[in-house]
Amino acid sequence: MRAFAPLLLGLSGSLFAQPALTIYNADFAVVRDEIPLNLKAGTQTVVYDRATATLEPESVILRDPSGKRSLQILEQSYRNDSATEDYLLSFFEGKELEFLVTAADGTARIVKGKVIRGGGQTMVGTEAPIIEVEGKPRFSLPGQPLFPSLGNDTILRPRLEWRLDAIAAGKVNAEVAYLTTGMNWEADYNVVAPEKSDTVDIIGWITMENRSGRSFTDAAIKLMAGEVNKVEDSMITAIREFKMPWGVGGESAAPVVTEKAFDEYHLYTLQNPVTLRDGETKQVEFVRATGVKAKRLYIYDGVKADWSVWRNRFIGADQNFGSEYDTKVAVVREFENTKENGLGLPLPKGKLRFYLQDGDRRLEFTGENEIDHTPRKETVRAVTGNAFDIVGERRRVDWQIDTSRKTAMEKIEVKVRNRKDEPVEVTVKEHVARWMNWEITEKSAPFEKKNAQEVEFKLPLKPDEEGVVTYTVRYTW
């Protein structure tokens, strides 16, 4: 077959339709570009120079999205040695270059210098260039370097080169899709509450980061949330669509982001094109919910121990293990992710920041934490910090072990003091984790068994009141 001259694509942005991105919260993305091809019959070379610098070459798919034409790639090459100032200086080490020097008054002159070292990034760090001017070396450029012709083998941007075989001539709007690293996104939530209220407003932000080596202008962007290993472009299919809550005080506007379930994940689509430049971080507000009921909880988990060590620890290995205690009482915010509570949408994992409105209506930061991917109809619970005016105290009152009967008895006393000017309820969390078989034989208050080795007591406290919880647990093995 006759070979034709290479068809170069990408030098003119007007040739291309809107780029499309699906960004995953695992530092990679799927990039999709439409490529207008004017194919000749037979073998030919096509060059695509809009690739990212972090492209995975083995992930490239070139296809006719209409399915009318088969595009067979006989050979693919990927080059990422695009020309930079440091890169070109390295080619002229030991040679003389001209440098343009511009004075403060705007006058310009040419200075000649010998390139001793091109400089740039090395294995141990960044090296400054060394240029010899009039026999004296200097660790900087004397001016703007003026390079000779770049030559035929120098590229300006990372590029893919394909050798294609076309059965017949014709025009086709092909699509290239590939995976690239260097792109990521995450969610952030700002929770705003009045000083004394269990009702909050939640504002969610999407933060996108581009370190791929390519800028995307007016891109159609989707964001994938979930623990994804690998998802091919052809799998992007809609199952259902859900509009995010939007607006304040009952007012509504067109959603900025829509969400739909996709396989075992969730896909968020930005409704407006976004320009995401290389090296840029950009935020888009994607959820605004008002009047969300978020209870404030106080939780005292007094055992000061490493649970990974203590859990199922043999009874007699260390009788005093876990007897030390912490005095801190955690402050927790909890809300239901339901439609009735103003939400009811899948919440991507991210950081939850809490702000409290002071009496002068100014917002004060009161803590932050992270949440995992949270489906709708599930509960979000986040620790915001420790209470200043509530103090806990935990001690072991009695310990007895009878190895002949394979039993042990432990009596615990927990005290919590409320130094606030208002009543509170503190949840006392206790871990009965010395052995798998246990029974609480005595207790001063009812408890709720949360799991196989954890119980909770509710302790209501008046202002300046101290409350006490005692219980006895018997272990058998």
Answer whether the closest heavy-atom distance between the side chains of Glu336 and Thr379 falls below 4.5 Å.
yes
To the nearest 0.5 Å, atom OH of Tyr325 lies from atom CZ of Arg395 at 9.5 Å
Between Thr338 and Lys377 the two heavy atoms that sit nearest each other are CG2-CA, 4.0 Å
Would you sort out whether Glu465 and Lys462 count as a salt bridge (Lys or Arg N to Asp or Glu O under 4.0 Å), showing the intermediate values?
CA-CA 5 Å; Glu465 180 185 16; Lys462 297 177 182 178; 5.8 Å; no
Under 3.5 Å: donor-acceptor pair, side chain of Asn386, backbone of Ile390
no
Between Phe286 and Leu223, is a side chain to side chain contact (heavy atoms under 4.5 Å, CB included) present by the stated rule, with each step listed?
CA-CA 11 Å; Phe286 81 105; Leu223 309 168; over 6 Å; no
Could you tell me the separation between the CD1 atom of Ile299 and the CD atom of Glu425, rounded to the nearest 0.5 Å?
11.0 Å
Spell out, as yes or no, whether a donor-acceptor pair under 3.5 Å connects the side chain of Asp218 to the backbone of Pro273.
no
Quick check: does any side chain N or O of Gln76 sit under 3.5 Å from a backbone N or O of Pro57, one acting as donor and the other as acceptor?
yes
Working for side chain to side chain contact (heavy atoms under 4.5 Å, CB included), residues Trp438 and Val455:
CA-CA 12 Å; Trp438 57 269; Val455 297; 3.9 Å; yes
Supply the atom-to-atom distance Glu368 CD to Tyr189 OH, rounded to the nearest 0.5 angstrom.
14.5 Å
Testing the basics here: between Arg117 and Ala128, what is the closest heavy-atom pair and its distance to 0.1 Å?
NH2-O, 2.8 Å
How many angstroms lie between CZ in Arg381 and NZ in Lys295, if you round to the nearest 0.5 Å?
8.0 Å
Between Asn341 and Leu343 (side chain of the first, backbone of the second, donor and acceptor by atom type, cut-off under 3.5 Å), is there such a pair?
no
Would you compute the distance between atom CG of Leu160 and atom CG of Leu62 and round it to the nearest 0.5 angstrom?
9.5 Å
Closest non-hydrogen contact found for Pro19 with Phe216 is CB-CD2, 4.2 Å
Exercise: identify the closest heavy-atom pair between Trp477 and Ile401:
CH2-CG1, 4.0 Å
Do Tyr24 and Val30 make a side-chain contact, defined as non-hydrogen atoms from C-beta onward lying under 4.5 Å apart?
yes
I'd like to know if Lys411 and Glu413 make a salt bridge, using a cut-off of under 4.0 Å between side-chain N and carboxylate O.
no
Do Lys443 and Thr470 have a side chain donor and acceptor closer than 3.5 Å?
no
Considering only heavy atoms from C-beta outward, does the side chain of Asn190 approach that of Arg353 to under 4.5 Å?
yes
When you look at Asp402 and Gln400, which way does the side chain to side chain donor-acceptor pair (under 3.5 Å) test go after all the steps?
CA-CA 7 Å; Asp402 188 338; Gln400 297 177 19; over 6 Å; no
Show your working on salt bridge (Lys or Arg N to Asp or Glu O under 4.0 Å) between Glu430 and Arg394 and close with a plain yes or no.
CA-CA 10 Å; Glu430 284 293 302; Arg394 182 188 189 275; 2.8 Å; yes
What are the two closest heavy atoms between Leu71 and Asp64, and how far apart are they?
CD1-N, 4.0 Å
Would you say Thr290's side chain and Asp201's backbone share a donor-acceptor pair under 3.5 angstrom?
no
In Å and rounded to the nearest 0.5 Å, what is the CD1 to CZ distance from Ile202 to Arg288?
12.0 Å
Considering residues, nucleotides and ligands other than Asp398, do more than 12 of their heavy atoms fall under 6.0 Å from its CG?
yes
Quick test of your reading of the model: are Arg211 and Glu209 salt-bridged, counting only N-O distances below 4.0 Å?
yes
Considering only heavy atoms from C-beta outward, does the side chain of Thr427 approach that of Phe457 to under 4.5 Å?
no
Test item: Leu55 and Val60 side chains (from C-beta on) under 4.5 Å apart, heavy atoms:
yes
For the pair Thr374 (side chain) and Asp372 (backbone), establish whether a donor and an acceptor sit closer than 3.5 Å, ignoring hydrogens and angles.
yes
State, yes or no, whether a side-chain contact exists between Pro463 and Pro423 at a heavy-atom distance under 4.5 Å.
yes
Criterion side chain to side chain donor-acceptor pair (under 3.5 Å) on Arg32 and Thr22, from CA distance to verdict
CA-CA 9 Å; Arg32 295 177 295 276; Thr22 300; 3.1 Å; yes
For the residue pair Thr52 / Thr180, report whether a side-chain donor-acceptor contact shorter than 3.5 Å exists.
yes
Is it the case that the side chain of Asn337 and the backbone of Pro375 share a donor-acceptor pair, with hydrogens and angles ignored and the cut-off at 3.5 Å?
yes
Could you check whether atom CZ of Arg69 has more than 12 heavy atoms from other residues, nucleotides or ligands sitting under 6.0 Å from it?
yes
Show your reasoning for whether side chain to side chain contact (heavy atoms under 4.5 Å, CB included) applies to Arg63 and Glu175.
CA-CA 5 Å; Arg63 63 175 187 146; Glu175 179 190 68; 2.9 Å; yes
Is there a donor-acceptor pair under 3.5 Å between the side chain of Trp185 and the backbone N or O of Ala225?
no
If you take all heavy atoms of Pro346 and Tyr268, which pair is closest and at what distance?
O-OH, 2.7 Å
Residues passing the side chain to side chain donor-acceptor pair (under 3.5 Å) test with Ser70, sequence neighbours excluded, are none
Report the relative orientation of the aromatic rings in Trp162 and Tyr48; use parallel for angles under 30°, tilted for 30 to 60°, perpendicular for over 60°.
parallel
Would a 4.5 Å heavy-atom cut-off, applied to side chains only, mark Val200 and Arg333 as touching?
yes
For residues Ile221 and Lys282, determine if any side-chain heavy atom of one lies less than 4.5 Å from a side-chain heavy atom of the other.
no
I would like to know whether Ile61 and Tyr178 meet side chain to side chain contact (heavy atoms under 4.5 Å, CB included); could you show each step before the answer?
CA-CA 6 Å; Ile61 298 172; Tyr178 57 86; over 6 Å; no
For Phe139, I'd like to know if atom CZ has over 12 heavy atoms of other residues, nucleotides or ligands within 6.0 Å.
no
Treating Asp188 as the side-chain partner and Trp205 as the backbone partner, does any N or O pair qualify as donor plus acceptor under 3.5 Å?
no
Step-by-step salt bridge (Lys or Arg N to Asp or Glu O under 4.0 Å) determination, Arg79 to Glu161:
CA-CA 8 Å; Arg79 289 190 58 182; Glu161 184 175 306; over 6 Å; no
Per the side chain to side chain contact (heavy atoms under 4.5 Å, CB included) rule, which among Leu21, Val284, Thr281, Asn184 passes with Met208?
Val284
Cationic N near anionic O, under 4.0 Å, Glu370 to Lys349:
no
In a check of side-chain hydrogen bond (donor to acceptor under 3.5 Å, both in side chains) between Glu466 and each of Arg417, Lys415, Arg419, which one passes?
Arg417
N/O donor-acceptor pair under 3.5 Å between Asn369 side chain and Ala382 backbone
no
